[in-house]
Amino acid sequence: MKKLLLALAVLPAMAVNAQTVKKVVIEDYTGVKCGYCPDGAVKIEGIESANPENTIPIAIHTGSYTNASSPLRTAAGDAINTMVKPYGYPAGAVDRKMYPPAQDADWTGISMNRGAWPNAFNVRKALTAPVSISFTNMVRLNDTAYEADVNVKFTTAPTAGIPVKLQVYVIEDSIEAKNYGGGTQNDLRQTNYLSSIGSDPLTGWFHNRVLRKALGGNWGYSDAWPTSGPVVNTVYTKHIAFTTKKGAAPTGWNNKNMHVVAFVAMDGDAAQDQKEILNGEEISHFQFKHPTAVAEVKNVQMLNAYPNPATANDVIKLEYNTATSATVTLKVYNTVGQLVAAPYTSEEVAGLHTIQFQPSAHGVAAGTYFLHLSNGMETQVSKLTIQ
């Protein structure tokens, strides 16, 4: 997006009572031979569309409906499946939080029926996150090798006596649901039992948000902070390095469709509700830069805001960098300088982050607007057109 730097203002010091926005990780345990699994994907898309600021969906192909040698299957996904013990597919976990059965007949534990996902999500998104996560120093070494730093800052101490770990996932969108040949493991056609969704198998279907690699092993890095546990308001930085699989789908990955998700989770006893995901962050894969590139240094910087132009019902994804840990705000003004929406305020650790919002959900109709992104020390302004 072409940026119009219309203003660069110094603002008052940030509010001391700002809270970190909760980004809820929804895991969809799915498979290509599961006829009801497309409905799970549709339900998660509905949750994300209504709550783009708070949703990080991940599709984990595992269980009896996924061939053991499927290229969409991972060791970490199988470990999670064994831990949560889905009683059917699609099943899902919302922040891997255990919900007592007394609240809903479907809430039998960490894994729950897709009908219970919206209520569980609403419980989680209302929380204040105890930790902020960001990315810095994102470097593309060659066509398949990447490095970055993941930064973590706790604003509230985690539960004493339960280990917490940082995990980083590489996920992929837009894997076509077709038979790629070379064996049954490469038949990714999606079985479908619901005529309201489409044919069986589905045509024009794509597997999205697919877990491709868990960089921290099954349960995350054990060395992201001291073994004694993280200290509030201390920034911890974990260097990560990974390679993608070059080649044609489905074994090879399309780098243009990759994303990186980092989250902090408890790593205790699942039966005692000690696998909870505390918060997450996601960034598009194309933000990795060649190491010789020269970046313009700003206190706060909008790196991308797209689509633009957009419709009022589109989800606008805005990726930004804040040079210092601060309260970050996004406000929308019209052409006469009136504030029409304030879709985001969050206390964040320094680094690269993503904001998503739907204009219509904040009363923003067709017209020309200006996005004001501030970290309390600087404001950057960009033009947004809503058609």
Side-chain angles (χ1 to χ4, degrees), residues 20-30 36-61 77 89-97 99 111-127 129 133 169-175 177 190 194 196-198 202 204-212 257-263 265 277-285 304-308 310-320 330 341 343-344 346 353-362 364 386:
T20 301
V21 167
K22 182 71 179 77
K23 296 185 178 181
V24 181
V25 176
I26 305 179
E27 293 173 323
D28 177 15
Y29 310 126
T30 187
Y36 292 108
C37 283
D39 189 47
V42 170
K43 281 186 166 50
I44 288 182
E45 286 176 0
I47 293 172
E48 183 179 23
S49 178
N51 306 273
E53 299 96 333
N54 306 96
T55 313
I56 300 178
I58 300 170
I60 298 177
H61 286 250
Y89 297 88
V94 180
D95 273 341
R96 296 184 191 166
K97 178 67 178 173
Y99 294 92
S111 171
M112 65 185 75
N113 182 281
R114 62 191 183 278
W117 296 348
N119 287 340
F121 173 86
N122 288 333
V123 171
R124 297 298 295 174
K125 81 166 185 176
L127 302 176
I133 306 163
Y169 281 172
V170 181
I171 63 176
E172 183 177 4
D173 281 333
S174 303
I175 303 170
Q190 181 63 58
L194 300 174
S196 59
I197 294 177
L202 286 168
W205 185 264
F206 292 85
H207 302 293
N208 291 318
R209 314 293 302 185
V210 176
L211 172 61
R212 283 298 208 171
N257 297 330
M258 309 301 292
H259 308 269
V260 183
V261 172
F263 60 88
I277 295 176
L278 304 181
N279 207 17
E281 184 59 277
E282 178 181 353
I283 198 69
S284 296
H285 190 69
N304 293 280
Y306 57 92
N308 187 17
T311 72
N313 291 322
D314 283 336
V315 172
I316 308 297
K317 177 176 284 188
L318 187 154
E319 293 166 339
Y320 73 90
L330 177 66
Y344 197 83
S346 185
H353 299 266
T354 299
I355 297 172
Q356 296 188 126
F357 74 100
Q358 185 180 53
S360 60
H362 298 275
V364 179
I386 304 295

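Numbers here are sequence positions counted from 1. Owing to the predicted nature of the structure, the values given are computational and were not obtained by experimental measurement.
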Q: For N308 and A305, which heavy atoms make the closest approach, and how far apart are they?
A: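 That would be CB-O, 3.8 Å.
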Q: Taking all heavy atoms of Y99 and all of V94, pick out the closest pair and write down the distance.
A: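 The answer is OH-O, 3.9 Å.
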Q: Give a yes or no on whether the backbone of G115 and the side-chain of N113 come within a donor-acceptor separation of less than 3.5 Å.
A: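 Yes; at least one donor-acceptor contact below 3.5 Å.
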Q: Would you say Q356 and Y344 make side-chain contact, with heavy atoms under 4.5 Å?
A: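 A side-chain contact under 4.5 Å is absent here.
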Q: Which pair of heavy atoms, one from A59 and one from T30, lies closest together, and at what distance?
A: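 Nearest pair, atom of A59 first, then T30: CB-CG2, 4.3 Å.
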Q: Counting only N and O atoms by type, is there a donor-acceptor contact under 3.5 Å from the side chain of D173 to the main-chain atoms of N208?
A: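 Pair absent, no side-chain N/O of D173 close to backbone of N208.
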Q: How long is the span from the OG1 atom in T20 to the CD atom in E281, to the nearest 0.5 Å?
A: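 If we round to the nearest 0.5 Å, T20:OG1 and E281:CD are 11.0 Å apart.
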Q: Indicate whether any N or O donor in one side chain lies under 3.5 Å from an N or O acceptor in the other, for E319 and H353.
A: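 Not at all, the side chains of E319 and H353 share no donor-acceptor pair under 3.5 Å.
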Q: Look at K22 together with D95 and state whether they make a salt bridge at an N to O cut-off of under 4.0 Å.
A: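 Judged by the 4.0 Å cut-off on N to carboxylate O distance, K22 and D95 do form a salt bridge.
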Q: Nearest heavy-atom pair of N257 and S174: which atoms, and what distance?
A: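 In this case the closest contact between N257 and S174 is ND2-CB, 3.7 Å.
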Q: For K23, which of N54, I56, I133, I277 qualifies under side chain to side chain contact (heavy atoms under 4.5 Å, CB included)?
A: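 Among N54, I56, I133, I277, the one meeting side chain to side chain contact (heavy atoms under 4.5 Å, CB included) with K23 is I56.
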Q: Is the backbone N or O of I47 less than 3.5 Å from a side-chain atom of W117, with the two atoms forming a donor-acceptor pair by type?
A: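 Flag not set: sc W117 to bb I47 has no pair under 3.5 Å.
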Q: Is the closest basic N to carboxylate O distance between E282 and R209 below 4.0 Å?
A: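 Salt bridge between E282 and R209, a charged N being under 4.0 Å from a carboxylate O: yes.
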Q: Identify the heavy atoms of A91 and S111 that sit nearest to each other, and give their distance.
A: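 For A91 versus S111, the nearest heavy atoms are CB-OG, 3.3 Å.
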Q: Can you check whether N51's main-chain N or O pairs, donor with acceptor, with T55's side chain at less than 3.5 Å?
A: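 Between the backbone of N51 and the side chain of T55 there is a qualifying donor-acceptor contact (under 3.5 Å).
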Q: Does K43 have any salt bridge (charged side-chain N to carboxylate O under 4.0 Å, His left out) partners at least two apart in sequence or in another chain, and if so, which?
A: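 For K43 the salt bridge (charged side-chain N to carboxylate O under 4.0 Å, His left out) partners, ignoring immediate neighbours, are D39.
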Q: For a quick test of reading the model, state the closest non-hydrogen atom pair linking Y29 to Y89 and the distance between them.
A: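 Smallest heavy-atom distance, with atoms named: O-CD2, 3.5 Å.
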Q: How long is the span from the CD1 atom in I58 to the CD atom in E27, to the nearest 0.5 Å?
A: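 Taking CD1 in I58 and CD in E27, the distance rounds to 5.5 Å.
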